[in-house]
Amino acid sequence: MPTIYSSGHRCPHPKMSEEFDPALHSHRRYNPLTGECVLVSDPHRMKHPWNGQVEPPQSEFLPEHDPHCYLCSGNERASGQHNGKYENTKVFANDYASVLPPPRPIASAAPHPLLASEPVVGGCDVLIFHPRHDLALARLAIDDISRIVDEWVNVYKLRGSQEAIKYVQIFENKGAMMGCSNPHPHGQIWALSHIPTIPAAELASLARYATNPGVEPSEAPRGPLGRPCLLCDYVHCELGVAESQGRIVVRNEHFVALVPWWAVWPFETLVLPHARHVPSLLHLTVEEKLSFADILSRVTKRYDNLFSCSFPYSMGIHQRPLPPHAGNIQGEEDEDNVAHLHVHFSPPLLRNASVRKFLVGFELMGEAQRDFTPEYAAQRLRACSDVHHLDAEVEEELEPTVQI
């Protein structure tokens, strides 16, 4: 019998004999990288009316140069420092860094075992993607994105070789909705004296999987010492799923972008190499770097095309905590090579350009929850064009009119 509430509304239950269908029935999915689960709600969840917060649209029509922007070429920053003229990327130490450089202060004794703390040192850098104020990743040329990848490698190597540093995190917050303080396309790199919680959990899962004798053999690429790699096996599994049922969004020779089985954010994607095990950006060949730039371009274009807007997201690269020592880039005995390079895109938009997903209530007190299946999200993103909608509009305007 269905549950009847005091209001008279009924909550129908599926028949006990009904076969489970993940596209129709609520269920939980397991994330083997973090050990956490996500609750996937059934489709009726998206039908409930929305009278909540509506975000103002972010303008896609920005000037090529803003004289008041702290990141534009030739301008003065809020700190009084000058950017100087630059033609491609530009890197500088963050004027308002979240962590300060060594030496590390001496830790005081904890007042109680439950009140433990430790000093953190490091450094924070800003990477400006391009001098154009109006061009995000989705509208940059592949060569421009390749220069960004090269700069990521340079800062990863530089910061990762400094005293006291144990981890380098590369990330981008795009859009005011994600807390970005400046619309000029840029990202950040934080170097820290500890491995943060999320990558630490992922690295521990990768290490356990590599030494688990119960892992079934597969045709997937192998990690160091010929051991299994969790992400190599996962992406190999995804590549074997029929497109109509699968989660792959786009693929090229070396990389694949997919909505992970365990995705939390509505249109979350995971970008990772599929042809071989790659521990870090530093391990990429010249051809793989170009493929990486290509896949980043195609993913971000699809994001903007989904709702015809400048699509907000947080993006982060997970890889080896630190670069390998010079001359030991392929070291089989290096335990950090268990890492498998991958990029997380976590975008908040849910129904359209103005309605976002909030991680509140049950998500904060219980576990993560999503409103439709990852398969549906992948289908929506696959259907989007490789041509940015603004560029497509320009092309349409330039097409000659045929006179009859």
Inset, instruction - Answer yes or no: are there more than 12 heavy-atom neighbours, outside Y70 itself, under 6.0 Å from its atom OH? - result: no
Legend entry - Atom pair CG/NE2 of L306 and H389 - distance to nearest 0.5 Å: 10.5 Å
Legend entry - For the student: nearest non-hydrogen atoms of T34 and N31, plus distance: OG1-ND2, 3.2 Å
Inset, instruction - Find out whether R159 and D125 are in side-chain contact, i.e. whether some heavy atom of one side chain is under 4.5 Å from a heavy atom of the other. - result: yes
Inset, instruction - Measure centre to centre between the rings of H340 and H277, then say whether the value is under 6.0 Å. - result: yes
Legend entry - Side-chain heavy-atom pair H130, N88 within 4.5 angstrom cut-off: no
Inset, instruction - State, with a plain yes or no, whether a side-chain heavy atom of R320 is found less than 4.5 Å away from one of D334. - result: yes
Legend entry - V91 side chain reached by E151 side chain, heavy atoms, under 4.5 Å: yes
Inset, instruction - Evaluate the side-chain contact (heavy atoms from CB on, under 4.5 Å) criterion for residues L381 and V259: first the C-alpha distance (whole Å), next the side-chain angles of each, then the deciding distance (0.1 Å), finally the verdict. - result: CA-CA 9 Å; L381 290 170; V259 180; 4.2 Å; yes
Inset, instruction - Examine F171 together with W190 and report whether their ring centres are nearer than 6.0 Å. - result: yes
Inset, instruction - Salt-bridge test for R147 and D144: reply yes if a basic N is under 4.0 Å from a carboxylate O, no otherwise. - result: yes
Inset, instruction - Walk me through it: do R139 and D391 pass the test salt bridge (charged side-chain N to carboxylate O under 4.0 Å, His left out)? - result: CA-CA 8 Å; R139 300 199 68 203; D391 297 327; 2.7 Å; yes
Inset, instruction - Find out whether P348 and P312 are in side-chain contact, i.e. whether some heavy atom of one side chain is under 4.5 Å from a heavy atom of the other. - result: yes
Legend entry - Check ion pair R251-E243 (N to O, under 4.0 angstrom): no
Inset, instruction - For N337 and H283, run side-chain contact (heavy atoms from CB on, under 4.5 Å): C-alpha distance rounded to whole Å, both residues' side-chain angles, the deciding distance at 0.1 Å, then the answer. - result: CA-CA 10 Å; N337 276 345; H283 291 77; 3.7 Å; yes
Inset, instruction - Report the C-alpha separation of Q169 and Q188 in whole Å, then their side-chain angles, then the decisive distance to 0.1 Å, and conclude whether the side-chain contact (heavy atoms from CB on, under 4.5 Å) test is met. - result: CA-CA 8 Å; Q169 178 63 63; Q188 299 185 54; over 6 Å; no
Legend entry - K289, NZ atom: more than 12 neighbouring heavy atoms under 6.0 Å: yes
Inset, instruction - Please say whether the positively charged group of R29, taken as NZ for Lys or CZ for Arg, lies over the ring of W262, i.e. under 6.0 angstrom from the six-membered ring centre and within 45 degrees of the axis. - result: no
Legend entry - R298 with D294: basic N within carboxylate O range, under 4.0 Å: yes
Inset, instruction - State yes or no: are the ring centers of F372 and F267 separated by less than 6.0 Å? - result: yes
Inset, instruction - Give a yes or no on whether a salt bridge exists between R276 and E288, defined as a side-chain N under 4.0 angstrom from a carboxylate O. - result: yes
Inset, instruction - Find out whether H388 and R302 are in side-chain contact, i.e. whether some heavy atom of one side chain is under 4.5 Å from a heavy atom of the other. - result: no
Legend entry - Check: H184 ring centroid to H133 ring centroid under 6.0 Å: yes
Inset, instruction - Give a yes or no on whether a salt bridge exists between K174 and D304, defined as a side-chain N under 4.0 angstrom from a carboxylate O. - result: yes
Legend entry - E367 side chain reached by L39 side chain, heavy atoms, under 4.5 Å: yes
Legend entry - R351 bridged to D371 by N-O distance under 4.0 Å: no
Legend entry - Basic-acidic side-chain contact under 4.0 Å: E375, R370: no
Inset, instruction - Determine, step by step, whether Y303 and T269 satisfy the side-chain hydrogen bond (donor to acceptor under 3.5 Å, both in side chains) criterion, reporting the C-alpha distance in whole Å, the side-chain angles of both residues, the deciding distance to 0.1 Å, and the verdict. - result: CA-CA 10 Å; Y303 275 153; T269 54; 2.8 Å; yes
Inset, instruction - With rounding to the nearest 0.5 Å, note down the distance linking OH in Y209 to SG in C229. - result: 8.5 Å
Legend entry - Pair H236 and H274, ring centroids less than 6.0 Å apart: no
Legend entry - Side-chain heavy-atom pair F129, L127 within 4.5 angstrom cut-off: yes
Legend entry - Whether over 12 other heavy atoms sit under 6.0 Å from L114 CG: yes
Inset, instruction - May I have the step-by-step check of side-chain contact (heavy atoms from CB on, under 4.5 Å) for L284 and V278, ending in yes or no? - result: CA-CA 7 Å; L284 294 175; V278 180; 3.7 Å; yes
Inset, instruction - Could you tell me how the ring of W152 sits relative to the ring of F292: parallel (under 30°), tilted (30 to 60°) or perpendicular (over 60°)? - result: tilted
Inset, instruction - Give a yes or no on whether the ring-centroid distance for F20 and H27 is below 6.0 angstrom. - result: yes
Inset, instruction - Take atom CD1 of I198 as the centre, draw a 6.0 Å sphere, and report whether it contains more than 12 heavy atoms from other residues, nucleotides or ligands. - result: no
